[in-house]
Amino acid sequence: MTRIATRPCPLRAAEMLRQGGIHPVLARLYAARGLTNPQELSSELAAMTPPGALLHIDAAAAFLADAIARRARMVIVADYDCDGATACAVALRGLRSMGAEIDFIVPNRFEYGYGLTPEIVALTAAEKQPDIIITVDNGIASISGVAEANRRGIAVVVTDHHLPGDELPAAQVIVNPNQPGCGFPSKHIAGVGVVFYVLLALRAELRRRGVFDAQTQPKLDHLLDLVALGTVADVVRLDTNNRILVAQGLKRMRAGRMHAGVAALFRVAGRNPRTANPFDLGFALGPRLNAAGRLEDMSLGIECLITDDDSRAWELAQQLNDINLKRREIEAEMQDTALLHLDSFEPANSSTICVFDPDWHQGVIGIVASRLKEKFFRPTITFAPGGDGWIKGSGRSIPGFHLRDALDLVSKKAPSLIDKFGGHAMAAGLTLRADAFEAFAAAFEEVGRAWLSSQQLERVIETDGPLEDAYFSTDFIALMDGQVWGQGFAPPVFCDDFRVVSQRILKERHLKLLLEKNGARYDAIWFGHTDALGERAKVAFRLDANEYNGVTKVQLLVEHAEAA
């Protein structure tokens with residue numbers, strides 16, 4: 001079931017924002033998203049939370065400054081998703097600009113697993129002989145990996161944003177806003193954001209030591225296109241601090257001041273960086289980088305982001321694009337299989353979904369889980385073979401169901417079921433013995449039934465209510481496109497009653513509509529939907545500027561519609 005709801009909007013906050021000089025509709029949208037103060041809308045770097053608010057960041061800066069001074073060999077161990085790839089590129093570029101001797105390694109996720117494992121430490125030691133390992137976007141759960149590094153005399157600096165378990169690794173220093181005792185207000189910063197902060201603190205430390213002054217220091221704002229890309233692609237909440245990082249990165253892209261690899265990814269995706277928006281980063285660039293980590297290994301993606309050679313970047317972007325096409329094919333096949341498995345699935349009788357298929361590809365199960373969660377609106381975990389009698393699961397959740405906590409509860413109730421797990425509220429991963437699948441699915445369903453009410457299992461399309469007729473305009477759309485919307489700061493969806501003037505099915509897949517309100521008519525399209533509407537409909541929609549034959553017109557993109 002899907003229902004349309006209107007987001008509550010505190011009128012006083014909206015009025016304060018309006019009096020602060022903000023467009024009346026934007027004031028209402030911002031207030032409904034929890035903003036109360038025009039200052040929270042600043043996208044200037046000066047408005048960022050200062051680095052000193054991160055626990056242990058000064059210790060990390062001093063340690064790295066000492067390491068650079070003594071020419072210690074450093075190696076970055078990155079995660080294999082877009083956040084990990086951008087974090088690796090940011091760390092490499094930033095540390096090299098400050099004189100570090102640094103390299104990176106991206107182990108194949110299917111051979112070495114997730115995080116800094118003892119096997120990865122052994123591989124890194126053999127191939128790179130580092131004095132120091134720096135983890136980016138991983139490491140907070142790597143207890144045994146850090147212990148192995150310590151045993152080999154390699155110091156570890158952990159930079160991560162994932163939630164820690166009960167025990168922290170015995171690293172030289174840990175910078176993670178989610179570790180106990182850290183008062184950093186932006187708990188939702190991505191891995192690439194954490195590493196960017198470490199670089200800011202290191203640069204300040206090197207200034208204090210007289211290595212640079214304000215004139216000669218390296219410019220770290222050059223890295224903001226990479227920070228923005230990783231932040232949006234990791235689907236972290238766009239709180240005030242993350243919105244500043246993303247806004248600054250988008251500003252660089254729109255001005256044409258971006259790294260060769262980012263420009264090449266825009267080109268290969270057929271997107272225009274001059275009008276770059278978070279949607280481009282999350283749905284066009286991010287998936288092309290992620291595909292490498294899913295199907296092969298992420299070094300292609302990282303190489304694309306660290307090269308300054310335009311033709312090499314273009315070559316790599318095309319390879320990433322090809323891998324992404326292959327990923328899409330595999331995903332479509334897996335999705336069809338999943339729906340066959342769920343043929344007899346009755347949403348009314350289940351709070352969760354667990355599916356396993358022996359032919360599935362481990363790198364793509366997360367996307368399939370995401371698609372099934374969208375379709376059935378249930379916390380979903382999909383499993384693929386992990387070798388030697390193990391299966392690996394990737395889960396996606398719905399609001400109100402903390403996935404990592406749910407797995408934690410299952411493992412506490414039945415300690416022998418899950419081998420290992422980790423993740424966030426909305427996404428998590430785990431490993432089981434193949435023969436424990438049924439027992440796990442039952443235990444997970446039990447948590448789902450205990451935690452989720454029937455209301456929570458209803459999909460709610462949150463809207464911002466009606467939009468005044470005057471704002472159905474391309475000017476207003478341009479104003480909205482200039483803002484940073486995304487996870488936790490939802491793009492505007494309006495809702496109103498319309499008369500359905502005409503409707504037809506387009507390409508056998510989409511419903512093309514002509515809608516009328518107060519005598520004005522609007523073209524509309526409902527993608528992926530073919531059921532006809534009655535003559536009056538309540539429509540939840542986004543505004544879109546549709547260019548056709550050189551003419552730009554307002555079009556409504558229908559999110560959901562029901563009889564009015």
Side-chain angles (χ1 to χ4, degrees), residues 2-7 25-26 28-29 32-33 232 235 238 269-272 275-287 370-371 374-375 377 459-518 520-534 536-549 551-564:
T2 302
R3 63 185 173 87
I4 296 176
T6 304
R7 231 180 233 106
V25 179
L26 285 181
R28 170 163 77 84
L29 298 174
R33 283 155 185 73
V232 173
V235 204
L238 293 186
R271 303 280 176 142
N272 180 5
T275 57
N277 62 38
F279 188 85
D280 293 330
L281 306 188
F283 292 93
L285 279 65
S370 198
R371 302 280 189 259
E374 286 302 316
K375 185 174 174 64
F377 206 66
R459 185 193 311 274
V460 178
I461 305 272
E462 280 205 301
T463 78
D464 294 289
L467 177 67
E468 296 81 352
D469 295 351
Y471 300 120
F472 283 80
S473 71
T474 50
D475 284 354
F476 180 67
I477 293 172
L479 177 70
M480 285 203 303
D481 285 349
Q483 319 305 310
V484 175
W485 311 100
Q487 184 67 20
F489 200 74
V493 175
F494 300 102
C495 179
D496 217 327
D497 292 353
F498 293 87
R499 185 168 80 83
V500 180
V501 180
S502 67
Q503 52 189 320
R504 62 189 166 86
I505 291 171
L506 201 62
K507 295 182 183 162
E508 298 178 14
R509 292 181 42 208
H510 315 299
L511 192 62
K512 188 86 177 84
L513 300 151
L514 185 62
L515 302 175
E516 185 183 79
K517 182 180 84 130
N518 298 343
R521 291 185 167 190
Y522 306 101
D523 285 321
I525 188 161
W526 191 350
F527 288 114
H529 183 93
T530 53
D531 297 345
L533 293 174
R536 289 202 69 76
K538 182 180 189 181
V539 181
F541 62 92
R542 287 183 294 126
L543 286 182
D544 178 51
N546 186 32
E547 195 180 325
Y548 187 71
N549 287 344
V551 180
T552 305
K553 281 173 68 175
V554 173
Q555 170 177 255
L556 313 187
L557 302 179
V558 178
E559 294 276 316
H560 186 68
E562 56 193 43

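FYI, the numbering just counts along the sequence from 1. The analysis underlying the following values was restricted to heavy atoms, covering all of them including side chains, and did not include hydrogens, waters or symmetry mates.
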Which distance, rounded to the nearest 0.5 Å, do you find between the [atom1] of [X] and the [atom2] of [Y]?
X: L26; Y: M480; atom1: CG; atom2: CE; answer: 8.0 Å
X: L29; Y: W485; atom1: CG; atom2: CH2; answer: 5.0 Å
X: Q555; Y: L513; atom1: CD; atom2: CG; answer: 10.0 Å
X: L238; Y: Q487; atom1: CG; atom2: CD; answer: 7.5 Å
X: L467; Y: F541; atom1: CG; atom2: CZ; answer: 6.0 Å
X: I505; Y: H529; atom1: CD1; atom2: NE2; answer: 9.0 Å

Using every non-hydrogen atom in the two residues, find where [X] and [Y] come nearest and quote the distance to one decimal.
X: G282; Y: P287; answer: O-CD, 3.4 Å
X: V554; Y: T474; answer: CG2-N, 3.8 Å
X: L511; Y: D531; answer: CD2-O, 3.3 Å
X: R3; Y: E562; answer: CA-OE1, 4.4 Å
X: V484; Y: P278; answer: CG1-CG, 4.3 Å
X: K538; Y: C495; answer: CE-SG, 3.7 Å

message = Using a 6.0 Å cut-off, check whether atom CZ of R33 has over 12 heavy atoms from anything other than its own residue.
response = yes
inquiry  = Does K512 have more than 12 heavy atoms from other residues, nucleotides or ligands lying within 6.0 Å of its NZ?
reply    =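 Yes, because the 6.0 Å sphere around NZ of K512 holds more than 12 heavy atoms from other groups.
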Beyond-backbone contact of [X] with [Y], side-chain heavy atoms, under 4.5 angstrom:
X: T6; Y: T463; result: yes
X: V558; Y: I525; result: no
X: R7; Y: R28; result: no
X: L556; Y: F494; result: no
X: L515; Y: V500; result: yes

task = Indicate the ring-plane relationship of H510 and F527, choosing parallel, tilted or perpendicular according to the 30° and 60° boundaries.
result = perpendicular
inquiry  = Show me the pairs that pass salt bridge (Lys or Arg N to Asp or Glu O under 4.0 Å) and involve residues 501-511, at least two apart or across chains.
reply    =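 For residues 501-511: none.
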ask   = Got a sec, which pairs hit salt bridge (Lys or Arg N to Asp or Glu O under 4.0 Å) with one end in residues 470-490, sequence neighbours left out?
value =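 Listed by first then second residue: nothing to list.
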query = Sequence neighbours excluded, which residues qualify as ring-ring contact (aromatic ring centres under 6.0 Å, His included) partners of Y471?
reply = H23, F476
key: Pair N546-T552, side chain to side chain contact (heavy atoms under 4.5 Å, CB included): steps then yes or no   = CA-CA 5 Å; N546 186 32; T552 305; over 6 Å; no
request  = Give the intermediate values and the outcome of side chain to side chain contact (heavy atoms under 4.5 Å, CB included) for residues L514 and D523.
outcome  = CA-CA 5 Å; L514 185 62; D523 285 321; 3.6 Å; yes
Presence of salt bridge, D469 and K517, under 4.0 angstrom =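 D469 and K517: salt-bridged.
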inquiry  = Looking at V493, is its backbone amide N or carbonyl O close enough to the side chain of E559 to form a donor-acceptor pair, meaning the two atoms are under 3.5 Å apart?
reply    =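 A pair under 3.5 Å: no.
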ask   = Passes side chain to side chain contact (heavy atoms under 4.5 Å, CB included), V539 versus W526? Steps please.
value = CA-CA 10 Å; V539 181; W526 191 350; over 6 Å; no
